[in-house]
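These notes are about the structure you will find just below.
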Amino acid sequence: MIGIVGLGQMGGAMLRRLRAEGQGVQGFDLDPALREAARAAGAIACATPAGVAAPLVILSLPHAGAVGAVLAALLPHMPQGAVIADTSTIEPGQARGFAARCDAAGVAYLDTPVSGGPAGAAAGQLAIMVGGSAAALERARPLLLLLAARIVHVGESGAGQVAKLANNLLVATHLAAAAEALRMADRAGVSPEAILPVINAASGRSAATEVNWPRWISSGSFDSGFTAGLMRKDVRLALALAEEVGAGLSVCGAAAAAWEGSDVPDVAEFNRVAAGIFGG
Ligand code: NAD
């Protein structure tokens, strides 16, 4: 039995993937509609976070405050030697604090932030960046592999979150940069549809041009399952980390300002920010 707390875009997709792989799952979310959706997917819907206690519990929560609240309720009920894999994107320092708190309770806490979105979770194709004990990772690895194409043990507690923040700072920067370069080409008479096939066969390509633009922007679908608010959160966490360690971010900082300055609301799909830069 695997426990999941947070059954939103990511946690819900992970739950359905684990069910499709024949795993027993028990889940909790504050939202009763998501608990009902979990039940419909064949999982046990728990009435409290404590109810999900199991040898492996996956967290998929919006911020460190929610992780702390869930751990307070969950830890007293977790079996000794259990592993908590926290796939939420949060501050590396918070992850280190949670690891120490879990350790004191005889439970291993791994920071295991993910890349790949709900589609990657549904297909078992996530990339997982792990910080924490190698032995705990080996205990969790067989089940995490049902969700992931790649699991990389980056280092000690917090290192997975550092990797995730560096990754998403690049996503935010690449998207803003691609939007500006494509706008320049468009105004010079060459549309994104005309130029992307050659950029994607040339050295200027990135996930922004290979994946985001064709899949979610040119198509007009804007249905990646990742919001502008979550991307702004990730960018703010990266800026705070850069400040903490004294690493200047002049290029990425300008991209971060474009995300903050956009009038696309937090609840909207994140690629709309790039579409706004292109059109603006
Ligand atoms: P989401 O808002 O869809 O889901 C979060 C869920 O957590 C919500 O359903 C909410 O009700 C629940 N929740 C909040 N506080 C809770 C609590 N105290 N107890 C129980 N449930 C609680 O968000 P998401 O898109 O699924 O993202 C989840 C995490 O994964 C975030 O940290 C995000 O940054 C990260 N992430 C998201 C994506 C993506 O593409 N959506 C990709 C990689 C990482």
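Indexing begins at 1, ligand by ligand and atom by atom, following the structure's order. Quantities reported herein were computed from a predicted structural model and do not represent experimental measurements.
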What does the contact table look like for ligand 1 (nitrogen or oxygen on each side, cut-off under 3.5 Å)?
| residue | atom | partner | partner atom | Å |
| --- | --- | --- | --- | --- |
| ligand 1 | 3 (O) | Q9 | N | 2.9 |
| ligand 1 | 9 (O) | D29 | OD1 | 3.3 |
| ligand 1 | 9 (O) | D29 | OD2 | 2.7 |
| ligand 1 | 11 (O) | D29 | OD1 | 2.6 |
| ligand 1 | 21 (N) | L30 | N | 3.4 |
| ligand 1 | 26 (O) | Q9 | N | 3.2 |
| ligand 1 | 26 (O) | M10 | N | 2.8 |
| ligand 1 | 32 (O) | L61 | O | 2.7 |
| ligand 1 | 32 (O) | T89 | N | 3.0 |
| ligand 1 | 32 (O) | K233 | NZ | 3.0 |
| ligand 1 | 34 (O) | K233 | NZ | 2.9 |
| ligand 1 | 41 (N) | G225 | O | 2.9 |

- Donor-acceptor pair between D86 and Y109 side chains, under 3.5 angstrom: yes
Across all chains, not counting sequence neighbours, the ring-ring contact (aromatic ring centres under 6.0 Å, His included) partners of F270 are F226
### Query
Side chain of R205, backbone of E210: donor and acceptor closer than 3.5 Å?
no
Apart from I44 itself, its cluster of hydrophobic side chains linked below 4.5 Å comprises M1
By salt bridge (charged side-chain N to carboxylate O under 4.0 Å, His left out), D31 pairs with (sequence neighbours left out) none
So CG of L230 and NE2 of H63: to nearest 0.5 Å the spacing works out to 10.0 Å
